[in-house]
Amino acid sequence: MSNSSTVRWDPELIRRYDLSGPRYTSYPTAVQFDPLLSPERLIEAGLATADSDSPLSLYVHIPFCEHVCYYCACNKVITRNRNKAQPYLDTLYREMARSAELFSKGRLQGRQVDQLHWGGGTPTFISHGQMTELMSALRSNFNLRDDDNGDYSIEVDPREADAETIAVLRQIGFNRISLGVQDLDPRVQQAVNRIQPLEMTQQILESARSEGFRSINMDLIYGLPHQTPESFAATLDTVIGLSPDRLSVFNYAHLPDRFRSQKHIRAEDLPGPDAKLQILHDSIDRLLEAGYVYIGMDHFAKPDDSLAIAQRSRQLHRNFQGYTTHADCDLVALGVSAISQIGDVYFQNEHDMGAYTRAVESRASAVKRG
Ligand SMILES: C=Cc1c2[nH]c(c1C)Cc1[nH]c(c(CCC(=O)O)c1C)Cc1[nH]c(c(C)c1CCC(=O)O)Cc1[nH]c(c(C)c1C=C)C2
Ligand SMILES: C[C@H]1O[C@@H](n2cnc3c(N)ncnc32)[C@H](O)[C@@H]1O
Ligand code: SF4
């Protein structure tokens, strides 16, 4: 789409593609990984094609959540035991030192980190002290910017943060934030086990604004149990009233055999394909009317947001994490199940916490396949 003020809408086309296929959320799809290459050979191949001048993008995965949201398809560990965080961080530090040595030392010395993202799970599950220490460790291993000109973002669950958390995040160097909202309807929230009153989201949003975060994103999901075109329109109107800089509106992927907690969601409570299509259609119309620009896939942004500006100047790029204004970065990803991209090669870390920990303990790397 070159001209962002309108979206061409072709119901025929949509029906034709209303099939299950490999999901776009995960490019490359699993089949494109080659399990036969050893991790060492992979890393060599990536290093051989890596560009020594290109900036770096860093991703850190923090998998813990205190409560399970039934719909969730993310790689996470549900626990109330905060003592689990430190051993994981210790493993992460070990992996980090090795990754820095491989990808930011020697020939690749000093590559500037233009993009940093902490995702999860719930990154704010760890304590303020642990977050501060994690950022310091990243700074001492990689060349982080200190001029606030990088895109340094974090996923925040409003139920797991307060004004002080937001202040700490800003202080340690984050300038973008993404809030998980999903749906504001109490009935939907109940059905997905995620009770999050509007006031909670509002408070975190206000804190983020007053701390000077330059971009605030919110995640919504359509297709959740008990949603109707009317109920989702109400959620969307309230969200538009909150005026986030960006909005992600994800299509709920219901795969209960793969994501066990989705078995708590009854198929008969889900909106049917027609209702879902109506919700999507209404949402796009409503967002365009409210002045948002359609970036592509699930993403919308205000016209003055860097993604929208990049789209107009044709500088918009997509990697497997989503849209980005950074074309040329190699991506170094740390943590359980994280995926890196160095030169022409993708690497995936061990998915399972035990396997990840053992791999880092024995060889300081958890790359499983690429
Ligand atoms: C942070 C949350 C999410 C991530 N992925 C999804 C969410 C909500 C969505 C998702 N990811 C996968 C599926 C399954 C679909 C299927 O066809 O089976 C769904 C609904 C699987 C998946 N995700 C990634 C890969 C490579 C795969 C397929 C391979 C596999 O089975 O392991 C990559 C990936 N997942 C997330 C991110 C941020 C990401 C890329 C960096 C998290
Ligand atoms: C990272 C974001 O992924 C979205 N998310 C989590 N699980 C699913 C799913 N099964 N289908 C679609 N989106 C999902 C949430 O909106 C979360 O905030
Ligand atoms: S949606 Fe976020 S908070 Fe909920 S289970 Fe998934 S990762 Fe955890």
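Numbering of ligands and ligand atoms starts at 1, following listing order.
- If you check the side chains of Tyr152 and Gln115, you find no donor sitting under 3.5 Å from an acceptor.
- Taking every non-hydrogen atom of Tyr252 and a distance limit under 4.0 Å, the qualifying atoms of ligand 2 come out as 9 (C), 10 (N), 11 (N), 12 (C).
- Counted by atom type alone, Thr357 and Arg94 present zero donor-acceptor pairs between their side chains at under 3.5 Å.
- Each of the atoms 1 (S), 3 (S), 4 (Fe) of ligand 3 lies under 4.0 Å from some heavy atom of Arg194.
- Interface atoms of ligand 3 facing Gly121, defined by a heavy-atom separation under 4.0 Å, are 7 (S).
- Side-chain contact of Lys302 with Ser243: a donor-acceptor pair under 3.5 Å is present, judged by distance alone.
- Side-chain atoms of Arg176 and Ser215 form a donor-acceptor pair, as typed in the model, at a separation below 3.5 Å.
- Residue side and main chain included, Cys72 places an N/O/S atom under 2.8 Å of atom 6 (Fe) of ligand 3.
- Interface atoms of ligand 2 facing Cys72, defined by a heavy-atom separation under 4.0 Å, are 7 (N).
- Judged purely by distance below 3.5 Å, without hydrogens or angles, the side chains of Arg159 and Thr201 never pair a donor atom with an acceptor atom.
- If you number the atoms of ligand 3 from 1 as listed, the ones under 4.0 Å from a heavy atom of Asp157 come out as 3 (S).
- A side-chain donor from one of Asn75 and His351 sits under 3.5 Å from a side-chain acceptor of the other.
- Each of Asp157, Asp219, Asp185 was checked for a salt bridge (Lys or Arg N to Asp or Glu O under 4.0 Å) with Arg194, and the lone residue meeting it is Asp157.
- The closest approach between Gln262 and ligand 2 falls below 4.0 Å for a heavy atom of the residue.
- Donor-acceptor pairing under 3.5 Å is recorded for the side chains of Gln130 and Gln86.
- Counting heavy atoms closer than 4.0 Å to ligand 2, residue Tyr71 contributes atoms from both its backbone and its side chain.
- The six-membered or imidazole ring of Phe259 lies away from that of Tyr70, with a centre-to-centre distance of 6.0 Å or more.
- Among the backbone and side-chain atoms of Cys65, an N, O or S atom lies under 2.8 Å from atom 8 (Fe) of ligand 3.
- Within the coordination shell of atom 4 (Fe) of ligand 3, defined by N, O or S atoms under 2.8 Å, His67 is absent.
- Which parts of ligand 3 touch Lys76 is read off a 4.0 Å heavy-atom cut-off, strictly below it: atoms 5 (S), 6 (Fe).
- Ligand 2 has a nitrogen or oxygen under 3.5 angstrom from a nitrogen or oxygen of Gln182.
- Checked by distance only, ligand 2 and Cys74 stay at 3.5 Å or farther apart across all their nitrogen or oxygen atoms.
- Interface atoms of ligand 2 facing Ala253, defined by a heavy-atom separation under 4.0 Å, are 9 (C), 10 (N), 11 (N), 12 (C).
- Here the protein heavy atom with the shortest distance to atom 4 (Fe) of ligand 3 is Cys69 SG, 2.4 Å.
- Judged by distance alone, the side chains of Asp282 and Gln278 do bring a donor and an acceptor atom under 3.5 Å apart.
- Residue-ligand proximity, Arg159 to ligand 3, at heavy-atom distances under 4.0 Å covers atoms 3 (S).
- His226 and Gln190 share no side-chain donor-acceptor pair at under 3.5 Å.
- Looking from atom 1 (S) of ligand 3 to the surrounding protein, the closest heavy atom is Tyr71 OH, 3.3 Å.
- Separation of atoms NZ (Lys276) and CZ (Phe232) is listed at 11.0 Å; rounding is to 0.5 Å.
- Residue Asp219 holds the heavy atom nearest to atom 1 (C) of ligand 2 of all those in Asp219, Asn217, Leu179.
- Using a non-hydrogen distance threshold of 4.0 Å, Asn251 registers as a contact of ligand 2.
- Close N/O approach between Glu155 and ligand 2 is not found [any backbone or side-chain N/O within under 3.5 Å].
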